[in-house]
Asks: 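After the structure tokens below, expect a handful of questions from me.
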Amino acid sequence: MNIQENIVNFYTQANELNFNAVELFDKNPLGVVLFLILLLVTVLVPMFLYRLIKHAQANKVINKVLNASNVDDFDRYFIELLEQLDLNVNSFLIHRIYVQNEMIENKYLEFVDDVSIKKQIIYMKSLADKFNELALRDASTKGLIKIHYHERVHTLINNDLRMMIEKYCLQCGYWQDDIENIYAVVAYANTLENPNEILDTISKQLNRVDLANDISVMRFVLLLNKDKALQVYDFCMNQLNLVFEESKVIYTLILELVYHSAYVSLVYTYIENMEDKVWIEYLYSQYFAKTNDIKLDLAFIHNDLICNEDHCDFITCAVTDNWQDVHTLESICHNKHIVDILGHDETRKVISRTDELHYMEKESQAQAIANEALITAQNALLLVEEMKNS
């Protein structure tokens, strides 16, 4: 008798015995066993297939994330992952994520390792946001994902990212190519409760550099944007001023670099106050009267170590060439050796000329204001006439 006949016979007997399980088992134990096996298979096979399909779906979406070739792919597949978690039945996916959480994180960190600190900050903050989203999606009873990723979000930012930034600040050359990265580090540091935990590392590294001799770092300092570098900018400006105030020998290429920057006034002050006779005379031989910058020439003349006996013709020509330029004439008058060079009478003539130019400037400004007021009044009258005629 085959299985089918046994099942039919079992059903006939069960119907006759009004499905009395005890009597049925006594008369046909084999039929009862077959029936129970069939019932078990009927229930378990769909459940097994359901779990198999769900596991396959979960692995498929996670494998997409794990096989991402770049950050954009990772982000796109991660969004799919979150969308799957938004479905009512997500326990399979939650379990697979928990099992493979290290692989998912390590895959993303592969991309982080290959980029600048500026992008690392962006990527690590983005990863923290992703982990936070995962934690929020976990509605399971154990909450394994929620617990793990809530803790990981904290350590990711406070430990991992902090170590990345610290490593960068210690290894950074502080050259021109590093500026954008420093801006990013400063911006991130200023989002923290104590920015100095990061910024002090930058200051210590820069403090080890001799700005008077390191042209690469000097170029970095001169190119800093005050609004973007903030505390680092203030520190660098203090260091820059100290270098020029100490009146020590500064590498000529660095002097020229600063001279052609927005901080040229530091060079003027440096030359005026230089106390090394050999060095100032060398600079004098290289630069005096060899540019069109009268302020630079006057800085040399201002220095007590420079002999001023041969400067009369130079100053006289400068006064003549700039007879209409009140600012240049004032610079000449303010030079502490001007009286010794030109004499009292000639100096008074230059001072009188500056007063005259100031007066003419004020007259011109007053005339311009008067003309503007006149035009405004005329326009007002025309407007009144138009209103009367309309």
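Every value quoted in this text rests on a predicted model; they were computed, and no experiment measured them.
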Asks: Compare all side-chain heavy atoms of L156 with those of M124 and state whether any distance is below 4.5 angstrom.
Replies: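 A side-chain contact exists here, since the closest heavy-atom pair is under 4.5 Å.
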Asks: Do side-chain atoms of R162 reach the backbone of I157 as a donor and acceptor pair under 3.5 angstrom?
Replies: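 Side chain of R162 to backbone of I157: no pair is present.
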Asks: Sub-3.5 Å donor-acceptor pair from the side chain of H334 to the main-chain atoms of E330, do we have one?
Replies: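 Present.
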Asks: For residues K146 and H150, determine if any side-chain heavy atom of one lies less than 4.5 Å from a side-chain heavy atom of the other.
Replies: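 Sidechains of H150 and K146: in contact.
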Asks: Could you give me the CA-CA distance, side-chain angles and deciding distance for L109 and L127, then say whether side chain to side chain contact (heavy atoms under 4.5 Å, CB included) is met?
Replies: CA-CA 9 Å; L109 292 179; L127 185 59; 4.2 Å; yes
Asks: Please report the closest heavy-atom contact between Y183 and N225, naming both atoms and the distance.
Replies: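 Heavy-atom minimum between the residues: OH-N, 2.7 Å.
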Asks: Please work out which of the three classes, parallel, tilted or perpendicular, describes the rings of F74 and F111, given edges at 30° and 60°.
Replies: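 Perpendicular.
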Asks: Say whether Y282 and I271 are linked into one hydrophobic cluster, either directly or through other cluster members, by side-chain heavy-atom distances under 4.5 angstrom.
Replies: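 Yes, Y282 connects to I271 through the hydrophobic network.
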Asks: Begin from the C-alpha positions of H154 and Y149 and carry the test ring-ring contact (aromatic ring centres under 6.0 Å, His included) through to its verdict.
Replies: CA-CA 9 Å; H154 177 77; Y149 282 114; over 10 Å; no
Asks: What are the two closest non-hydrogen atoms of F220 and W175, and how far apart are they?
Replies: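 Closest heavy-atom pair between F220 and W175: CD1-O, 3.2 Å.
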Asks: For K204, does the NZ atom sit with more than 12 other heavy atoms under 6.0 Å from it, leaving out its own atoms?
Replies: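 Count not over threshold, so no.
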Asks: Hey, does the side chain of N190 reach the backbone of V186 with a donor-acceptor pair shorter than 3.5 angstrom?
Replies: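 Here the side-chain-to-backbone pair exists.
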Asks: When rounded to the nearest 0.5 angstrom, what is the spacing between NE2 in H311 and CG in L298?
Replies: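 Here the rounded value is 10.0 Å.
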Asks: Can you name the nearest heavy-atom pair linking C333 to V350, along with the distance?
Replies: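 Closest approach of C333 to V350, heavy atoms only: SG-CG1, 3.2 Å.
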Asks: Test your reading of the model: is there a side-chain donor-acceptor pair from T320 to the backbone of T316, 3.5 Å cut-off?
Replies: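 Side chain of T320 to backbone of T316, a donor-acceptor pair under 3.5 Å: yes, one is there.
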Asks: After noting the C-alpha distance and the side-chain angles of D160 and R152, does the key distance pass the salt bridge (charged side-chain N to carboxylate O under 4.0 Å, His left out) rule?
Replies: CA-CA 10 Å; D160 297 57; R152 191 66 186 106; 3.1 Å; yes
Asks: Going only through I, L, V, M, F, W and Y residues with side-chain contacts under 4.5 Å, is there a path from L255 to L253?
Replies: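 Yes, because L255 and L253 connect within a single hydrophobic cluster, where side-chain heavy atoms sit under 4.5 Å apart.
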Asks: Taking NZ in K290 as the centre, count heavy atoms belonging to other residues, nucleotides or ligands within less than 6.0 Å. Is the count above 12?
Replies: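 Counting other residues, nucleotides and ligands, NZ of K290 exceeds 12 neighbours.
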Asks: So, does D297 use its side chain to make a donor-acceptor pair with the main chain of F288 at under 3.5 Å?
Replies: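 Flag not set: sc D297 to bb F288 has no pair under 3.5 Å.
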Asks: Indicate yes or no: does K248 engage D276 in a salt bridge with an N to O separation below 4.0 Å.
Replies: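 Salt bridge absent between K248 and D276.
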Asks: Which word best sums up how the rings of F244 and Y270 line up, parallel for under 30°, tilted for 30 to 60°, or perpendicular for over 60°?
Replies: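 Judged by the thresholds at 30° and 60°, the geometry between F244 and Y270 is perpendicular.
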Asks: Is there a side chain to side chain contact (heavy atoms under 4.5 Å, CB included) between K130 and D75? Walk through the geometry before answering.
Replies: CA-CA 9 Å; K130 289 178 175 62; D75 288 346; 2.8 Å; yes
Asks: Under 3.5 Å, is there a donor-acceptor pair between the side chain of E272 and the main chain of N303?
Replies: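 Between the backbone of N303 and the side chain of E272 there is no qualifying donor-acceptor contact (under 3.5 Å).
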Asks: Mind running side chain to side chain contact (heavy atoms under 4.5 Å, CB included) on L266 and Y259 for me, showing each step along the way?
Replies: CA-CA 8 Å; L266 291 174; Y259 176 75; over 6 Å; no
Asks: What I'd like to find out is whether the side chain of L211 reaches to under 4.5 Å of the side chain of L206, using heavy atoms alone.
Replies: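 They are not in side-chain contact.
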Asks: Would you sort out whether R353 and V319 count as a side chain to side chain contact (heavy atoms under 4.5 Å, CB included), showing the intermediate values?
Replies: CA-CA 10 Å; R353 177 57 180 170; V319 169; over 6 Å; no
Asks: Between CE of M103 and CG of N63, what distance do you get to the nearest 0.5 Å?
Replies: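 Answer rounded to 0.5 Å: 8.0 Å.
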Asks: Does a side chain donor of either H337 or D304 reach within less than 3.5 Å of an acceptor in the other side chain?
Replies: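 Looking only at side-chain atoms, D304 and H337 do form a donor-acceptor pair, the distance falling under 3.5 Å.
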Asks: I'd like to check Y108 versus S126 (side-chain heavy atoms, cut-off strictly below 4.5 Å). Are they in contact?
Replies: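 Yes, close enough: below the 4.5 Å cut-off.
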Asks: Between E281 and K277, is there a salt bridge with N-O shorter than 4.0 Å?
Replies: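 Yes, K277 and E281 are salt-bridged.
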Asks: Between L305 and Y284, is there a shared hydrophobic cluster once you connect ILVMFWY residues whose side-chain heavy atoms come closer than 4.5 Å?
Replies: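 Yes; Y284 is reachable from L305 via cluster members.
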Asks: Distance alone, cut at 3.5 Å: any donor-acceptor contact between the side chains of Y287 and E256?
Replies: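 Yes, side-chain donor-acceptor contact under 3.5 Å.
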Asks: Between the side chains of R137 and E133, is the shortest nitrogen-to-carboxylate-oxygen separation below 4.0 Å, so that they form an ion pair?
Replies: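 Judged by the 4.0 Å cut-off on N to carboxylate O distance, E133 and R137 do form a salt bridge.
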Asks: Looking at I351, is its backbone amide N or carbonyl O close enough to the side chain of T354 to form a donor-acceptor pair, meaning the two atoms are under 3.5 Å apart?
Replies: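 Yes, T354 side chain to I351 backbone: donor-acceptor pair under 3.5 Å.
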Asks: Judged by atom type as modelled, is there a donor-acceptor pair below 3.5 Å linking the side chain of D73 to the main-chain atoms of A68?
Replies: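 No, D73 side chain to A68 backbone: no donor-acceptor pair under 3.5 Å.
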Asks: Identify whether F300 and V264 are in the same connected component of the hydrophobic contact network (ILVMFWY, side-chain heavy atoms under 4.5 Å).
Replies: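 Linked, F300 and V264 end up in one cluster.
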Asks: Hey, does K349 have a side-chain heavy atom less than 4.5 Å from the side chain of E346?
Replies: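 SC-SC contact between E346 and K349 confirmed.
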Asks: Counting only N and O atoms by type, is there a donor-acceptor contact under 3.5 Å from the side chain of N322 to the main-chain atoms of L329?
Replies: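 Looks like no, no N/O pair under 3.5 Å.
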Asks: Quick one: are N101 and H148 in side-chain contact, heavy atoms under 4.5 Å?
Replies: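 Sidechains of H148 and N101: in contact.
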Asks: Compare every heavy atom of Q205 with every heavy atom of C169, then report the nearest pair and how far apart it is.
Replies: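 Taking every non-hydrogen atom into account, O-CG, 3.4 Å.
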Asks: How long is the span from the CG atom in L222 to the CD1 atom in I215, to the nearest 0.5 Å?
Replies: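 The distance works out to 9.5 Å.
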Asks: In this structure, are over 12 heavy atoms from other groups packed under 6.0 Å from K107 atom NZ?
Replies: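 Result for NZ/K107: enclosed.
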Asks: Grouping I, L, V, M, F, W and Y whenever their side-chain heavy atoms are under 4.5 Å apart, do V99 and Y77 come out in a common cluster?
Replies: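 Cluster IDs for V99 and Y77 differ.
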Asks: Should T252 and L283 count as side-chain neighbours, where that means a heavy-atom distance under 4.5 Å?
Replies: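 The answer is yes; the side chains approach within 4.5 Å.
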Asks: Ignoring hydrogens and geometry beyond distance, is a side-chain donor-acceptor pair present between D129 and N132 at under 3.5 Å?
Replies: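 Checked: D129/N132 side chains show no N/O donor-acceptor pair below 3.5 Å.
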Asks: Between D214 (side chain) and V209 (backbone), is there a donor-acceptor pair under 3.5 Å?
Replies: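 Pair absent, no side-chain N/O of D214 close to backbone of V209.
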Asks: With no hydrogens and no angle check, do the side chains of Y268 and D293 hold a donor and an acceptor under 3.5 Å apart?
Replies: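 Per modelled atom types, Y268 and D293 side chains form a pair under 3.5 Å.
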Asks: Closest approach of V258 and S261, non-hydrogen atoms and distance?
Replies: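 So the two residues come closest at O-OG, 2.6 Å.
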Asks: Minimum heavy-atom separation for I182 to Y168, with atom names?
Replies: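 Minimum heavy-atom separation between I182 and Y168: CD1-CE2, 4.0 Å.
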Asks: Could you give the distance from CZ (F78) to CD1 (I62), rounded to the nearest 0.5 Å?
Replies: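 F78 CZ to I62 CD1: 10.0 Å, rounded to 0.5 Å.
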Asks: How long is the straight-line distance from CD of E166 back to CD of E197, given to the nearest 0.5 Å?
Replies: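 Rounded to the nearest 0.5 Å, the CD-CD separation comes to 9.5 Å.
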Asks: Heavy atoms, side chains only, cut-off 4.5 Å: are N207 and F235 in contact?
Replies: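 With C-beta onward as the side chain, the pair touches.
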Asks: What do the steps show when you test N238 against N241 for side chain to side chain donor-acceptor pair (under 3.5 Å), and what is the final call?
Replies: CA-CA 5 Å; N238 287 334; N241 286 319; 4.9 Å; no
Asks: With side-chain contact (heavy atoms from CB on, under 4.5 Å) as the test, pick out the partner of T347 among N335, I315, V339, D340.
Replies: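 Checked N335, I315, V339, D340 against T347; only one passes side-chain contact (heavy atoms from CB on, under 4.5 Å): V339.
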Asks: What's the spacing between I250 CD1 and N213 CG if we round to 0.5 Å?
Replies: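 Nearest 0.5 Å value for the CD1-CG distance: 9.0 Å.
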Asks: Taking everything shown except Y251 itself, do over 12 heavy atoms lie less than 6.0 Å from its OH?
Replies: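 Count not over threshold, so no.
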